[in-house]
Amino acid sequence: MNSTNTLFISFVLGILLIIAGTFGYVLIEGWPWLDALYMTMITLSTVGYGEVHTVSSAGRIYTIFLVFFGVGFTLFVAGAVMQFVVDGRLRVFLGRRRLDHQISQLRHHYIVCGYGRIGRVLCKKLRRKTIDIVVIEKDAELIPTMEEDGVLYLSGNAAEEAILQKAGIQHAKMLVSVLATDTDNVFLVLTARQLNPNLYIIARAGREESVLKLQAAGANKVESPYYMGAARMANSILRPTVTDFLDSAFAHKRKDIQMEELPVSASSSLVNLMLKDSGIRPSYNCIIIAIKTAKGEMVFNPSFENTINDGDTLIAVGEVENLDRLAKTLCPKK
């Protein structure tokens with residue numbers, strides 16, 4: 001039985017004991033209800049104020065039993081309260097220790113700084129790919145939300161070096177800064193870049209003039225939710241069919257088609273083969289709509305004579321199962 005249930009049972013038993021004690025004095029001594037209740041309370045609490053009326057022999061025997069049960073009940077309640085307090089604190093302490101241990105074991109994970117409206121949606125999207133995420137959020141009111149969502153989190157200022165180091169920034173693959181203000185994001189990017197010069201950093205910009213500042217601070221990529229939202233609304237007006245297709249491919253609204261980026265490793269059996277010889281279309285039923293080369297060049301609508309090279313990234317459209325099979329072929333695990 002957990003401590004919460006024990007505390008609830010103690011409360012119910014206390015009420016029942018008071019009612020039984022009051023009712024007993026009314027029946028045995030014939031006292032008024034208020035006097036019987038008063039006698040019951042001072043007896044159970046053992047305050048020793050004295051008897052409200054002369055007590056008969058039967059009443060004294062009844063009082064002895066009431067004192068016995070009252071003292072026992074008081075000890076039971078005290079133990080229940082202590083258990084509730086200790087269990088609550090112990091649960092929080094052990095839970096925090098468990099989270100810290102899990103975070104310390106992570107490698108090549110993603111650090112998301114800020115769990116507001118944007119941060120929470122971002123984490124939900126990333127977790128669909130079973131990506132390891134550590135959230136840093138200074139607003140203590142969001143802790144229950146993070147616990148409910150089941151994310152690994154640290155409570156504190158994301159711009160503090162100690163917090164970033166505790167989040168494993170030295171071993172992280174990427175940091176995403178989605179704090180409330182551009183000033184906070186700039187300072188965070190500066191701190192993160194100093195701690196890990198090789199870290200890939202994506203930052204949120206609320207104002208257009210902040211984009212250059214974030215890039216100068218060390219952000220690899222800067223996104224503006226307002227600009228992206230406006231651009232998407234424009235595309236919904238000008239290109240509604242294209243927008244519907246992209247929603248289907250990226251928002252996971254349907255399972256029969258998805259769009260993915262698939263990295264190519266040197267150990268793949270498809271390396272140095274032309275698309276026409278790779279068998280991707282007949283074997284995996286996937287369409288390659290673009291290739292990002294190792295040099296960063298983007299080749300849209302590649303021809304069948306384009307070669308698949310080590311370090312390339314293929315942009316493919318197809319069913320989830322087929323995309324997963326192709327991903328394993330392009331980047332087999334050692």
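Here the structure is a predicted model, which means the values were calculated and not measured.
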Stepwise, does the side chain to side chain contact (heavy atoms under 4.5 Å, CB included) test hold for Asn322 with Leu326?
CA-CA 6 Å; Asn322 293 333; Leu326 178 57; over 6 Å; no
Could you check whether any side-chain heavy atom of [X] comes within less than 4.5 Å of a side-chain heavy atom of [Y], counting everything from C-beta outward?
| X | Y | result |
| --- | --- | --- |
| Asn309 | Val264 | no |
| Leu106 | Val134 | yes |
| Arg281 | Ile287 | yes |
| Leu37 | Ile18 | yes |
| Val112 | Val178 | yes |
| Ile169 | Leu199 | yes |
| Glu137 | Ser155 | no |
| Lys173 | His109 | no |

Give a yes or no on whether the backbone of [Y] and the side-chain of [X] come within a donor-acceptor separation of less than 3.5 Å.
| X | Y | answer |
| --- | --- | --- |
| Ser210 | Gly206 | no |
| Asp132 | Tyr110 | no |
| Asn185 | Arg204 | yes |
| Gln258 | Gly318 | no |
| Asn306 | Ser303 | yes |
| Ser283 | Ile280 | no |
| Glu223 | Ala203 | no |
| Asp310 | Ala266 | yes |

Hydrophobic cluster membership, with links at side-chain heavy-atom distances under 4.5 Å among I/L/V/M/F/W/Y: are [X] and [Y] in one?
| X | Y | value |
| --- | --- | --- |
| Leu66 | Met41 | yes |
| Leu195 | Val186 | yes |
| Val26 | Ile42 | no |
| Ile131 | Leu122 | yes |
| Val55 | Trp33 | no |

Would you please test Lys292 and Glu297 for side chain to side chain contact (heavy atoms under 4.5 Å, CB included) and show each step?
CA-CA 6 Å; Lys292 183 179 180 180; Glu297 299 175 356; over 6 Å; no
Please determine whether the number of non-hydrogen atoms from other residues, nucleotides or ligands lying under 6.0 Å from atom [atom1] of [X] exceeds 12.
| X | atom1 | result |
| --- | --- | --- |
| Glu209 | CD | yes |
| Tyr227 | OH | no |
| Met228 | CE | no |
| Gln102 | CD | yes |
| Gln165 | CD | yes |
| Lys221 | NZ | no |
| Arg117 | CZ | no |

[X] to [Y] - nearest heavy-atom pair and separation:
| X | Y | result |
| --- | --- | --- |
| Leu175 | Ala192 | CD1-CB, 4.0 Å |
| Gly168 | Ile111 | C-CD1, 4.3 Å |
| Cys331 | Pro263 | CB-O, 3.6 Å |
| Ser269 | Thr329 | OG-CG2, 3.8 Å |
| Ser56 | Glu29 | OG-OE2, 2.7 Å |
| Leu188 | Ser177 | CD2-OG, 3.1 Å |

Audit row: Val135, Leu154, side chain to side chain contact (heavy atoms under 4.5 Å, CB included) steps and yes/no
CA-CA 6 Å; Val135 176; Leu154 293 171; over 6 Å; no
Distance, nearest 0.5 Å, that separates [atom1] of [X] from [atom2] of [Y]:
| X | Y | atom1 | atom2 | answer |
| --- | --- | --- | --- | --- |
| Ser278 | Met274 | OG | CE | 11.5 Å |
| Phe304 | Ile288 | CZ | CD1 | 15.5 Å |
| Phe65 | Arg60 | CZ | CZ | 16.0 Å |
| Asn157 | Phe187 | CG | CZ | 8.0 Å |
| Lys295 | Asp312 | NZ | CG | 11.0 Å |
| Cys113 | Ile163 | SG | CD1 | 10.0 Å |

Residues [X] and [Y]: side-chain donor-acceptor under 3.5 angstrom:
| X | Y | answer |
| --- | --- | --- |
| Ser224 | Glu208 | no |
| Thr22 | Tyr38 | no |
| Thr243 | Asn235 | no |
| Asp184 | Thr181 | yes |

Aromatic contact, Tyr115 with Tyr153 (centres under 6.0 Å):
no
So Glu161 and Thr191, side chain to side chain donor-acceptor pair (under 3.5 Å) or not? Walk me through it.
CA-CA 7 Å; Glu161 293 186 10; Thr191 306; 5.9 Å; no
Any ion pair linking Arg120 and Asp149 (charged N to carboxylate O, less than 4.0 Å)?
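Salt bridge flag = yes for Arg120 with Asp149.
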In plain terms, say whether Asp100 and Lys166 are close enough for a salt bridge, that is, a side-chain N and a carboxylate O under 4.0 Å apart.
yes
Check the pair Leu275 / Ile308 against side chain to side chain contact (heavy atoms under 4.5 Å, CB included), numbers first and verdict last.
CA-CA 7 Å; Leu275 287 178; Ile308 301 174; 3.9 Å; yes
Can you classify the ring geometry of Trp31 versus Tyr25 as parallel (below 30°), tilted (30 to 60°) or perpendicular (above 60°)?
parallel
The residue among Ile201, Leu214, Ile202 that forms side chain to side chain contact (heavy atoms under 4.5 Å, CB included) with Asn220 is Ile201
